[in-house]
Amino acid sequence: MKFPDFDYACPKSLDEALGLLRLHGDDAVLLAGGQSLMPLLAFRLAAPGLLVDLKDVPGLGDIGIDGGGVRLGAFVRWCEIDRNAGLAAAHPLLVEAIGHVAHYQIRNRGTVGGSLAYGDPAAEMPGIAVTCDGEIIVMGESGERRVAAADFFLGALTTCLRPGEIITGLHLPPWPAGRRWAFEEFARRRGDFALAGTALYYDLDSQGRATDAHIGVIGAADRPMRLAQAERMINGSTVNADAIAAAAEAASREVDPMEDFHAPTAYRRALVETLVARALTRAAG
Amino acid sequence: MKPRNLLIGSPMERVEDFRFLRGDGRFVADVNLEGQLHAVIARSAVAHGRIRAIHTGDARAMAGVRAVITARDLGRPVPVIPLRLQPLAELAPFRQPMLAHGKVRFVGEPLAVIVADSPQIAEDALDRIGADIEPLPAIVDREHAEAGETVLFEDHGSNVAIRWTAVRGDAGRAFANAQYVRKETFRIQRHAALFLEPRGFVAQWDGRARKLTLWGAAKVAFANRKILAAAMGLAEQQIEMIEVDVGGGFGSRGEFYPEDFLIPFAARLLNRPVKWIEDRREHLMTANHARETECEIEIAATGDGRILGLRGRSWSDNGAYIRTNGSVAPRNVAQFMSGPYHIENIALSTTQLITNKTPAGTYRGPGRFEADFVRERLIDLMAKDLGLDRVEIRRRNLVRENQMPYPLATITPYESATELDGGDYRQLLDRCLEDFGWAEKVKLDGRLIDGRYHGIAIGCFIEGGGAGPSEDARIVLESDGTYSVYVGSAAVGQGIETIMAQIAGDALEAPFDRIRVRHGSTGDVAQGHGSYHSRATVMGGSAIVLAAEKLRDKLREVAARALGCEPGEVTLDSGTAKGPAGKSLALSELSEAPVEAEATYRGDKHTYAYGSLAAHVAVDVKTGHVEVIDVASIKDVGRIINPATLHGQAVGAIVQGLGGALLEHLVYDGDGQLLTGTLADYMVPSAGCFPVIRSTVVELIPSPNNPLGAKGGGEGEIIPVGGVIANAVAAALADFGVEPMELPLSPPRIWALIG
């Protein structure tokens with residue numbers, strides 16, 4: 001449980017950080033909040049030669065809220081999302097979901113960028129990014145690129161980040177007034193990784209029918225995913241008990257949950273149905 | 001002498017907490033010696049295999065590595081860990097060697113010790129150890145263990161180590177004539193004690209004086225000194241074991257493990273202090289596991305619910321070796337299956353199976369937690385079958401006061417008989433019903449409220465305590481008028497520095513702040529039996545009472561000389577000795593030299609605290625989640641020394657029991673790999689999990705078996721929790737016909753039972 005030997009660098013600018021990655025290649029690893037990396041080092045599952053700490057890189061800790069939506073810098077910590085007065089109105093689903101992340105100490109350290117880069121299939125931040133049409137902002141040697149969250153996560157703990165790239169932030173599109181939404185997850189203890197979870201929202205048209213439904217799940221496949229079938233059941237319908245049951249049932253068929261010693265596939269599949277139904281019920285209520 | 005009651009019985013704040021709350025506690029990781037080296041243990045990644053070679057050359061060659069020790073370096077024969085309790089000859093083949101040789105038998109078994117200048121270097125060197133092990137099939141379940149196609153110990157030829165039997169009356173006849181019988185199979189999962197900080201040692205060898213000092217002793221320092229002395233070829237007097245602060249023990253911490261020998265061995269080999277601190281992953285895969293038991297038990301009763309007999313078989317998955325106290329839980333499963341109930345005919349056995357898992361040992365309420373789950377479930381099933389009230393059926397069968405002392409079934413082969421020492425079991429059942437609010441809450445039973453089904457249950461338990469044979473105490477009146485109290489009991493988080501001072505204060509008629517308690521280290525008293533079987537207060541406290549009596553006699557003699565009178569004319573007040581004619585003397589002026597007295601309290605009769613526990617749960621049938629809405633318990637300990645610390649023990653025991661009932665599970669795969677090696681996967685209760693726990697402890701009927709009248713009370717409330725929670729879940733889910741027969745009651749399991 002002792003870290004392997006590594007060097008440490010604390011660049012003062014993004015360019016400097018990119019330069020270090022260019023110089024050291026695979027041997028360098030970025031350090032943000034450290035809540036995934038530190039255990040990996042302690043278990044000696046990773047042994048990089050250099051840690052590049054992003055804590056002094058300016059601008060990465062900003063939270064921006066404007067007509068274009070919400071922009072979270074990669075270094076924004078969970079506790080800062082809790083504390084930010086504007087976010088509750090600007091993106092209530094984000095705030096609620098992040099409220100389920102881990103425990104007090106971890107919430108004081110863990111970051112948006114770190115969670116996105118790690119890509120845990122049960123983590124809330126990637127789930128919100130995928131559900132809410134988020135764009136992940138990435139800086140590389142050839143400049144900035146923006147990747148749709150839906151394309152960013154390739155599998156468990158695997159993303160499309162290329163060598164030498166740094167996540168600088170996450171953009172979430174604007175949140176219209178009157179949007180219906182809910183977040184539900186089920187974990188054995190508060191703060192544990194969820195056995196499964198769902199984030200969802202939809203808007204209402206002038207006749208009170210749902211449009212633009214977004215139903216995302218975590219812990220239900222090898223990456224966070226949206227459930228197109230379930231969304232179809234909701235779009236254009238009045239969100240009543242029948243529609244909810246149909247959508248939840250579709251959701252359970254659409255997911256592909258993994259099996260581990262915590263829970264069998266059948267349980268997780270049923271859990272998705274339950275959570276989607278509960279979330280839709282809350283959203284409609 | 002019954003000490004007067006000024007301090008005893010009052011909720012004194014723990015003196016230990018002053019240092020803990022200020023961060024001044026001294027745990028083993030805080031012990032650092034000049035020039036110390038650091039050890040790490042290379043452990044087997046294979047559950048079962050033949051060792052072809054352990055290549056250490058690359059590790060030895062690393063800068064900063066001082067030694068790599070394998071079994072080859074320990075001499076022949078490689079020392080083994082002896083059995084502290086139930087040391088039967090037939091268990092000898094299964095003792096664990098200090099380092100594996102020939103074969104490895106569980107993942108985590110020590111292969112080598114690396115000693116280096118820093119723990120980092122030592123861990124770097126771990127990667128350079130090449131363990132060439134030919135894998136053998138891993139035995140991880142009862143079926144394969146019993147089949148015996150693969151055996152862990154070829155010389156023994158079977159994976160069955162021993163079979164314990166508990167017998168009373170004539171079960172065969174009772175079952176033949178019974179109006180009601182039911183047989184069920186129950187399973188209790190492997191889980192373990194988990195204390196705040198892992199184990200560790202700092203060992204120092206003084207080559208000139210040929211003396212070994214070991215920091216990090218706990219629980220049974222004297223017994224471990226004896227084992228260590230034999231393994232190292234030293235006399236016991238050459239070894240000093242020093243207790244440090246610990247964050248709980250729960251039966252697991254302080255037993256003799258390989259590191260208890262390996263670290264001192266390395267210190268002597270290198271003639272340098274050596275430090276080893278276990279990490280959490282090591283702890284979860286090498287410190288004693290517990291509880292894994294399968295029980296096929298049958299109950300017989302009359303049509304009106306009078307229990308006539310219990311019979312059946314249990315199998316305990318002991319893991320790869322039988323360690324110091326490995327037989328305690330299996331034997332207890334058989335002996336304590338009848339619990340607090342009058343059951344005349346018993347024929348039970350427990351088979352101890354050897355498997356490729358971490359060796360098992362005791363964990364708070366050993367065997368009793370398991371047995372209570374089985375028995376309390378059977379009683380509720382019986383009540384349902386017979387259409388009788390589950391409270392009434394318990395009341396009808398509890399041992400009555402006029403049946404005390406009440407003999408339990410006798411255990412063989414290590415023959416032991418024990419008897420319940422007294423108590424009014426029915427009164428506490430009734431008080432528990434009242435405290436819990438049973439009459440109101442029973443209306444919720446099986447009801448669906450806001451999407452969850454509610455259920456309640458109650459169970460009764462006994463807790464064994466006060467194991468013999470003896471305990472020593474020594475009290476010194478220092479020349480400044482303060483008392484130093486030395487006792488062989490060990491501190492494992494119970495607050496004995498406070499409790500023992502309360503007992504001593506009353507016995508000495510001295511104020512609390514004039515008493516300092518020293519405990520557990522081998523330099524303090526001649527002999528000590530430590531802290532297990534809820535014995536520290538009963539045995540150590542009784543020894544203090546005796547030593548105080550002796551000291552007071554001595555003080556009267558000394559004072560009589562100074563005051564020019566007879567010892568019988570001297571009365572002792574808190575700080576003064578008074579003679580006739582108004583003459584008096586401050587105790588601090590009594591003597592230039594300290595006055596001391598030592599006493600041994602002997603007692604082989606166990607104490608049995610007893611009580612009842614009720615719980616209210618709500619089950620989400622969609623997720624299978626069981627929420628514990630309310631728990632209420634009551635227990636009689638005969639005499640309460642400190643209600644505050646005892647209350648803490650009770651609440652802690654209940655929370656640990658809830659962990660075992662609902663959360664904690666050490667899971668292995670088919671290859672014998674432990675899958676739950678971190679606290680993310682091995683789930684213990686966190687602070688928010690079980691917010692409502694109400695616990696009462698009373699002093700109703702003193703134990704006749706010791707001068708304090710106290711009964712051991714450190715374990716009790718954990719014992720009934722598995723059975724009561726399972727019964728409450730069954731009550732909640734009566735509409736679904738759910739009858740849990742297996743722990744833990746995890747959401748996927750409950751969900752699957754609902755179907």
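Here is how names work: the chains are called A, B, and so on, in the same order as the sequence lines, proteins then strands, and each is numbered from 1.
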Does any heavy atom of chain A fall under 4.5 Å from the side chain of [X], the backbone, both, or neither of them?
| X | value |
| --- | --- |
| B:Val684 | both |
| B:Thr678 | side chain |
| B:Asp681 | both |

In Å and rounded to the nearest 0.5 Å, what is the [atom1] to [atom2] distance from [X] to [Y]?
| X | Y | atom1 | atom2 | value |
| --- | --- | --- | --- | --- |
| A:Met1 | B:Ile277 | CE | CD1 | 14.0 Å |
| A:Asp260 | B:Leu675 | CG | CG | 9.0 Å |
| B:Cys689 | A:Arg188 | SG | CZ | 9.5 Å |
| B:Gln120 | A:Asp5 | CD | CG | 8.5 Å |

Which portion of [X] sits near chain B, non-hydrogen atoms under 4.5 angstrom:
| X | result |
| --- | --- |
| A:Ala266 | both |
| A:Phe43 | side chain |
| A:Arg268 | neither |
| A:His262 | both |

Residue [X] excluded, over 12 heavy atoms near [atom1] under 6.0 Å:
| X | atom1 | result |
| --- | --- | --- |
| B:Arg128 | CZ | no |
| A:Tyr8 | OH | yes |
| A:Asp26 | CG | no |
| B:Arg280 | CZ | yes |

field: Student check: side-chain heavy atoms of B:Asp279 and A:Lys2 closer than 4.5 Å
entry: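 They are not in side-chain contact.
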
message: Does any part of the side chain of B:Leu663, heavy atoms only, come nearer than 4.5 Å to the side chain of A:Arg189, both counted from C-beta?
response: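 Contact flag for A:Arg189/B:Leu663 side chains = yes.
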
field: Among the listed options B:Met683, B:Lys622, B:His665, the residue most often paired with chain A at heavy-atom distances under 4.5 Å
entry: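 Heavy-atom pairs under 4.5 Å are most numerous for B:Met683.
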
message: Only pairs of heavy atoms separated by less than 4.5 Å count here; which of A:Phe193, A:Phe261, A:Phe3 has the most with chain B?
response: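 Ranked by heavy-atom pairs under 4.5 Å with chain B, first place is A:Phe261.
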
task: Could you tell me whether a side-chain N or O of A:Tyr267 sits under 3.5 Å from a main-chain N or O of B:Thr623, the two making a donor and an acceptor?
output: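 Judged by distance alone, yes, a pair lies under 3.5 Å.
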
